[in-house]
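Worksheet: one structure, shown below.
Since we're looking at a predicted model, the values are computed, not measured. In the text below, chain A, chain B and the rest are named by the order of the sequence lines, each starting its count at 1.
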Amino acid sequence: MTTASKNEQKAYQQTIKKYRPAKPMGKNMIRAFLVGGLICEIGQIVQWFFVKFAHFSIQDAGNPTVAVMIFLAACLTALGVYDKFAGWAGAGSAVPVTGFSNTMTSAAMEHRAEGWVAGVGGNMFKLAGPVIVYGVVSAFFVSLIRYLWIHLV
Amino acid sequence: MSKLGAQTWEFQRPPVLISTGTVAGKLESEGPIGHLFDVKHSSDRVENLTWEQSEQVFFQEAVHVALQKANLLPQQVDVMVGGDLSAQLTSSYLGLKQFSVPILGVYSACASICESLFFASFLVENGFAKVAVAGTSSHTSAAERQFRYPTEYGVQKPPTAQRTVTGSGVAILGDSPAAALPIRITHATVGKVMDYGISNPWEMGAAMAPAAAHTLTTHFKDTGRSPADYDCIATGDLGHIGHQILRKLLADEGYTHLTQLTDCGILIFDPNQPEVFSGGSGGACCSLVTFSHLIDRMIDGQYKRLLISATGALLSTISAQQHETIPGISHAIAFERIEEEELK
């Protein structure tokens with residue numbers, strides 16, 4: 001028998017647990033907290049610039065701020081720095097909009113060799129696609145619930 | 001060629017090793033055995049080429065170097081047997097097309113080198129080929145992109161992850177000990193597919209360890225040999241974690257105190273190198289280490305007998321996405337040093 005029985009498989013998976021080094025959860029969480037916070041701080045500074053020097057209202061400054069953060073992350077990805085930084089920072093760099101920018105830029109760079117349309121165009125949303133799909137779907141349902149709540153209750 | 005026991009073949013007229021060629025990427029060249037490779041690249045990307053094309057060039061270079069060292073022309077090669085990890089074996093076929101030599105592509109994932117050696121040895125022993133080339137290649141960025149994420153995508157990898165080796169290792173086999181290295185191939189043990197239900201693609205070492213344990217123990221039973229008959233037993237790419245699991249599995253079978261047991265994935269990188277995690281993997285991991293570090297030790301007489309058990313994880317991009325388990329496979333090849341008295 002080369003396919004191990006269910007019991008053998010279970011026993012093996014139990015055995016290998018001992019050999020699997022623990023993920024450094026504590027360290028990862030502290031890094032994610034610090035880096036995630038730092039990225040938001042930078043975003044805050046950018047927003048403050050738009051308010052102070054370009055005379056945007058705080059609300060209007062949101063969109064250009066996000067654009068700047070996306071642009072910065074895309075540049076760092078193109079320079080080959082972002083993946084190293086993200087490997088260190090983990091969730092701290094993945095959760096903010098910079099992580100989203102990294103998924104799109106890296107996919108676009110990776111598939112540049114297959115041409116602009118089928119390569120870059122067809123694959124740019126390969127990693128970011130699910131985020132957009134489920135972001136839009138969940139936004140729809142949340143707004144639907146809100147609408148029903150306000151108008152019918 | 002005669003069959004021993006359940007899964008092993010013994011070569012009656014053992015093919016000999018004529019020469020080897022090794023081409024390594026950047027991190028491999030900087031590693032602990034980097035100085036032994038024939039060609040050391042300072043970048044994993046050949047200028048103006050894609051990752052995949054760079055891998056083809058590395059494979060081509062390895063064959064060139066091996067031919068050069070053996071003083072052979074491509075026309076003198078009867079057959080090439082090669083494998084790689086790129087879908088549909090493009091690195092082998094497209095990389096080696098310019099030699100215009102009959103070629104067979106083989107696939108056992110990262111265990112392809114031992115499958116290549118097995119077929120090449122079989123053809124040489126039976127007189128179907130006088131000179132046969134066997135080799136494999138792999139490329140970290142080409143493999144990442146095919147099986148995981150884009151190169152520049154930032155993701156935190158678990159400590160069980162392994163780094164695909166960039167490069168290519170090639171050996172030329174022949175039928176005459178004259179003008180060859182003092183090394184012959186004596187046995188081959190062909191492995192079975194072993195499935196222990198591992199489905200996490202970050203745990204290749206654990207997925208492949210049972211296959212390595214099964215092939216090694218079967219080899220010992222079939223040949224009547226024991227681990228002590230070998231000066232070195234090297235698995236392909238189990239990495240540090242898979243290696244410890246293999247030791248446990250072998251100990252369960254009664255094989256303990258295996259000081260000669262090592263792993264090519266451990267040898268090729270230093271744990272302090274960036275992003276190597278549990279060690280090296282990939283089709284070139286076993287061939288690069290075997291055809292440089294391990295064969296060198298046979299040439300200088302440190303090893304009399306060497307057993308290589310290359311290990312492969314059997315998955316495709318589709319099977320992984322459909323949450324199939326990842327079975328392992330391992331094929332073993334036994335090398336033996338030819339002593340001078342025998343040659344006379």
Side-chain angles (χ1 to χ4, degrees), chain A residues 1-13 15-24 27-28 31-32 73-74 76-94 98-99 101-114 119 123-124 126-128, chain B residues 7 45 48-53 141-142 144-146 148-161 191-200 202-203 205-207 209-211 213-215 218 238-249 252 274-275 277-278 325 327-329:
Chain A
M1 274 293 274
T2 54
T3 303
S5 69
K6 278 269 171 292
N7 282 339
E8 283 174 314
Q9 292 195 349
K10 263 200 194 131
Y12 180 67
Q13 283 159 19
T15 311
I16 62 167
K17 271 189 191 160
K18 281 182 281 189
Y19 296 89
R20 191 185 296 150
K23 278 191 196 173
K27 201 167 73 177
N28 286 354
R31 281 179 182 179
L76 291 174
T77 303
L79 293 171
V81 183
Y82 197 90
D83 64 319
K84 294 184 181 71
F85 159 71
W88 187 87
S93 82
T98 49
S101 167
N102 171 243
T103 61
M104 297 202 48
T105 319
S106 62
M109 285 168 68
E110 193 77 13
H111 293 277
R112 174 66 192 87
E114 286 101 74
N123 291 292
M124 208 165 169
K126 206 164 93 174
L127 296 170
Chain B
Q7 290 168 240
R45 190 171 209 150
N48 296 326
L49 296 183
T50 63
W51 303 122
E52 289 76 12
Q53 289 164 339
S141 297
E144 280 291 312
R145 165 195 163 115
Q146 182 175 320
R148 300 200 180 94
Y149 302 114
T151 319
E152 296 298 335
Y153 177 52
V155 62
Q156 215 162 32
K157 292 182 182 172
T160 49
K192 294 180 183 173
V193 177
M194 303 294 287
D195 191 352
Y196 274 78
I198 303 294
S199 56
N200 181 355
W202 298 111
E203 281 195 308
H214 186 263
T215 297
T218 308
L238 297 179
H240 290 275
I241 294 163
H243 183 71
Q244 292 311 320
I245 299 172
L246 173 67
R247 280 183 179 275
K248 151 95 176 63
L249 296 175
D252 290 347
E275 292 191 18
F277 307 103
S278 180
T325 54
I329 190 159

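- Across B:Val155, B:Thr151, B:Thr160, the residue that shares the most heavy-atom pairs under 4.5 angstrom with chain A is B:Thr151.
- For the options A:Ala86, A:Gly90, A:Pro24, heavy-atom pairs under 4.5 Å to chain B are most numerous at A:Gly90.
- Contact of the A:Glu110 side chain with the B:Trp51 side chain is registered, since non-hydrogen atoms from C-beta on lie closer than 4.5 Å.
- Looking at A:Tyr12, its side chain does come within 3.5 Å of a backbone N or O of B:Ala206 through a donor-acceptor pair.
- Remark: the backbone N or O of B:Gly197 is paired with a side-chain donor or acceptor of A:Gln13 at under 3.5 angstrom.
- Contact of B:Ile198 with chain A is made through backbone and side chain together, with heavy-atom distances under 4.5 Å.
- Summarising the local packing, CZ of A:Phe85 is surrounded by more than 12 heavy atoms from other residues, nucleotides or ligands at distances under 6.0 Å.
- For chain B, the nearby parts of A:Thr103 are the backbone and the side chain; heavy atoms of each come within less than 4.5 Å.
- Only the backbone of A:Ala22 comes within contact range of chain B, judged by heavy atoms closer than 4.5 Å.
- In this structure, the separation between CG on A:Asp83 and OH on B:Tyr149 is 14.0 Å, given to the nearest 0.5 Å.
- Only the side chain of A:Thr15 comes within contact range of chain B, with at least one heavy atom under 4.5 Å from a heavy atom of that chain.
- Counting heavy-atom pairs closer than 4.5 Å to chain A, the top residue among B:Arg145, B:Lys157, B:His240, B:Lys248 is B:Arg145.
- Considering only heavy atoms from C-beta on, A:Arg20 comes within 4.5 Å of B:Glu203 through its side chain.
- Contacts of A:Ala107 with chain B are made by both backbone and side-chain atoms, with heavy-atom separations under 4.5 Å.
- A:His111 NE2 to B:Thr50 OG1: the interatomic distance, rounded to the nearest 0.5 Å, is 12.0 Å.
- Of all the listed residues (B:Ser278, B:Pro210, B:Ala211, B:Pro158), the one sharing the greatest number of non-hydrogen pairs under 4.5 Å with chain A is B:Pro210.
- Atom CD of B:Glu152 sits about 9.5 Å away from atom CG of A:Leu79, to the nearest 0.5 Å.
- Remark: side-chain polar atoms of B:Glu275 are not paired, donor with acceptor, to backbone N or O of A:Lys84 under 3.5 angstrom.
- Looking at A:Ala11, neither its backbone nor its side chain comes within 4.5 Å of chain B, counting heavy atoms on both sides.
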